[in-house]
Structures are given as structure tokens and as C-alpha cells.
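Order of appearance sets the numbers: ligands from 1, and atoms from 1 within every ligand.
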Amino acid sequence: MRKIVILTGAGISAESGLGTFRDAGGLWSQYDLEEVATPDGFARNPTLVHDFYNARRANALNASPNAAHAALARLERDWPGEVVLITQNIDDLHERAGQRRVIHMHGELTGALCAECGAHWQAPPEMHADDPCPECGAAATRPDIVWFGEMPYDMDLIEKHIVSADLFAAIGTSGQVFPAAGFVMQANAAGVETVELNLEPSELSGMFDARHEGPATDVVPTWVSHLLGTA
Ligand code: APR
């Protein structure tokens, strides 16, 4: 039975009240990403960066999964083949909707990392620059988030899934940030059927075999019901 690989972006969490990055009023119009989402920004002002992610961690905690997250969890549960979900999002709404296989290529707000020794642990609700690492004691803890200029997680695994998929779907992403923006090209090169579900045309819309335009809470459940009807 067909293998479905899905990539999600901020658009799938928009209707849960979490801001996107590049829509009008998005996060990158409120904050300078150089200051809060780069290793240099963290080195310059770790407190500013922790404050930024503490606020996003609180938002995510207060948000609820929406019908699009629920539909993807249903697809994973009821689809007779393999479903692999790759997300650029750092919230845990997919997991809280019941999704079991989630690859967080940009890390997670629920994760903490020691910049000194590389230890990973469950992030507390609030993190501070002088929190000691539970492993090595260094005051070098950071959110376990992949910043601009850093290598996303699980890239080899992600490539394996994309080129071995029968269907690749990109949901709620503007296609402006690599390497995620390149996944549809890898899928096309491997002869994988591709579909985009997005509120409006993205940078990459022309690269997809098919498109469903509209809010995720509308187009994703419809798409999943159609797929399951064909299972
Ligand atoms: N339903 C579906 N799509 C939506 C909705 C919605 N309700 N609202 C917005 N969108 C779409 C927008 O049209 C846009 O194409 O979601 C996309 C959001 O794009 P971005 O804000 O660029 O978010 P994303 O593509 O996830 O950004 C990728 O950039 O800043 C980095 O690491 C960050 O993971 C992020 C990456």
C-alpha cells in the first residue's frame, strides 16, 4: 500500500492561534530573526533569545491542536500503508493530536540542549541563560531549536523517506526556507506524486502535481477523507 510522506509548516498551526513567520504580522515582522534565531544572536544576548522562546513555549502550551492536526493523526491511524510526518514546527500540536511518528527537523520547544556538552533534556516552562546544564553544570543551556545557519535534524532519514514515498504532501509552508523547500524537488526527481495544501500560492506551488487551496482546518480534513475513501 502507498507510503505517504507529509511536510508541515507554520500554516497548519495558524488556526490554533500560533503565529506564522512570514504572513502579515508574522513573527519575523515582530522580531529580528538575526537576534533571536541565530547562534550569533544567542551568543550576543542569550536572555533575549530565552525570553523569545519562553513566550513561544507558553503560547504553544496554551494552544490546542486544530482539525488539521487531528485529520493527519487520523490518516496515520487509518491508512493501511506507512505515514511519515516531517514538521518544520517546534510546537507539539501534532503529538497532542495523537500523531505518533513526528520528525521535528527544526527541533522542539519541549527540548533543552547544552551548548557546552550537547546533553538533551525536557525543557522547563521557562529557561534562563544562567540555568546550569544537568549533565555538565555549564551555564550554557539553550532551547533545542535549530537556528538559521545550523543543520536541521534527521536530514538523511528525511531524504530516505521522501525518495521512497508514493505521495509527498506539503501543508502550510511558504517554501522559502531550505532545506525543507527543496523536498518537493527531491520528490519530483524521484518520481513521487506531490500535492500542496496551503492557504494561498507559495513560492513552490508550480512544483506540485496538485494543489488544494484554503485554510488547513478545511482542506486537510477533506483531503484525508478523500484519501481514506480510496484506501
Ligand atoms: N491554513 C493553511 N496555510 C496557512 C494558513 C492556514 N490557516 N495560514 C497561513 N498559511 C500558510 C501561508 O500562506 C504560508 O505559505 O502557511 C505558510 C506559512 O509560511 P511561513 O510563515 O514562512 O512558515 P514556514 O513555511 O513554516 O517557515 C519555515 O522558517 O523561520 C523559519 O524555522 C522557521 O520553520 C520555520 C521555517
Side-chain angles (χ1 to χ4, degrees), residues 6-42 49 52-53 55-57 59-60 63-72 85-94 97 102-111 113 142-155 158 168-185 194-208 210-224:
I6 300 163
L7 169 71
T8 60
I12 199 167
S13 297
E15 291 162 271
S16 294
L18 298 185
T20 62
F21 294 96
R22 296 171 183 84
D23 289 322
L27 277 166
W28 297 147
S29 68
Q30 302 166 44
Y31 295 89
D32 175 356
L33 70 83
E34 291 297 328
E35 295 302 310
V36 294
T38 62
D40 290 349
F42 183 67
V49 175
F52 175 67
Y53 287 101
R56 293 185 64 199
R57 194 173 295 108
N59 286 346
S64 307
N66 63 52
H69 298 105
L72 295 184
L85 180 76
I86 301 154
T87 187
Q88 301 172 88
N89 300 339
I90 57 177
D91 62 63
D92 60 350
L93 296 182
H94 283 302
V102 183
I103 299 174
H104 279 274
M105 62 181 289
H106 290 165
E108 301 175 73
L109 284 167
T110 54
L113 173 66
R142 55 172 280 185
D144 189 6
I145 306 282
V146 177
W147 287 324
F148 288 95
E150 296 184 320
M151 179 57 80
Y153 286 122
D154 296 315
M155 290 308 295
I158 288 170
F168 171 73
I171 303 176
T173 180
S174 65
Q176 294 189 46
V177 175
F178 284 82
F183 292 171
V184 64
M185 296 161 211
T194 56
V195 60
E196 181 184 57
L197 293 85
N198 210 52
L199 182 65
E200 58 201 11
S202 75
E203 293 281 307
L204 300 169
S205 293
M207 309 282 297
F208 289 87
R211 297 195 59 250
H212 302 288
E213 195 159 306
T217 55
D218 179 20
V219 295
V220 178
T222 304
W223 176 67
V224 167

* To do: On the 0 to 90° scale, with breaks at 30° and 60°, tag the Trp147-Phe42 ring pair as parallel, tilted or perpendicular.
  =>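 Correct class here is tilted.
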
Hey, does [Y] have a side-chain heavy atom less than 4.5 Å from the side chain of [X]?
X: Val36; Y: Leu27; result: no
X: His69; Y: Ile12; result: yes
X: Leu109; Y: Ile145; result: yes
X: Val49; Y: Arg142; result: no
X: Phe183; Y: Met105; result: yes

Provide, line by line, the atom pairs where ligand 1 and the protein bring an N/O atom each to a distance under 3.5 Å; else say none.
residue, atom, partner, partner atom, Å
ligand 1, 1 (N), Ala216, N, 2.9
ligand 1, 3 (N), Leu199, N, 3.2
ligand 1, 7 (N), Glu15, OE1, 3.0
ligand 1, 13 (O), Asn198, ND2, 3.3
ligand 1, 13 (O), Glu200, OE2, 3.4
ligand 1, 15 (O), Asn198, ND2, 2.9
ligand 1, 16 (O), Gly172, O, 3.3
ligand 1, 19 (O), Ser174, N, 3.4
ligand 1, 21 (O), Phe21, N, 2.7
ligand 1, 21 (O), Arg22, N, 2.8
ligand 1, 22 (O), Arg22, NH1, 2.7
ligand 1, 22 (O), Ser174, OG, 2.7
ligand 1, 25 (O), Thr173, OG1, 2.7
ligand 1, 25 (O), Ser174, N, 2.9
ligand 1, 25 (O), Ser174, OG, 3.4
ligand 1, 26 (O), Ala10, N, 2.8
ligand 1, 27 (O), Arg22, NH1, 3.1
ligand 1, 29 (O), Arg22, NH1, 3.1
ligand 1, 29 (O), Arg22, NH2, 3.1
ligand 1, 30 (O), Arg22, NH2, 3.2
ligand 1, 30 (O), Trp28, NE1, 2.8
ligand 1, 32 (O), His106, ND1, 3.3
ligand 1, 34 (O), Gln88, O, 3.2
ligand 1, 34 (O), His106, ND1, 3.0

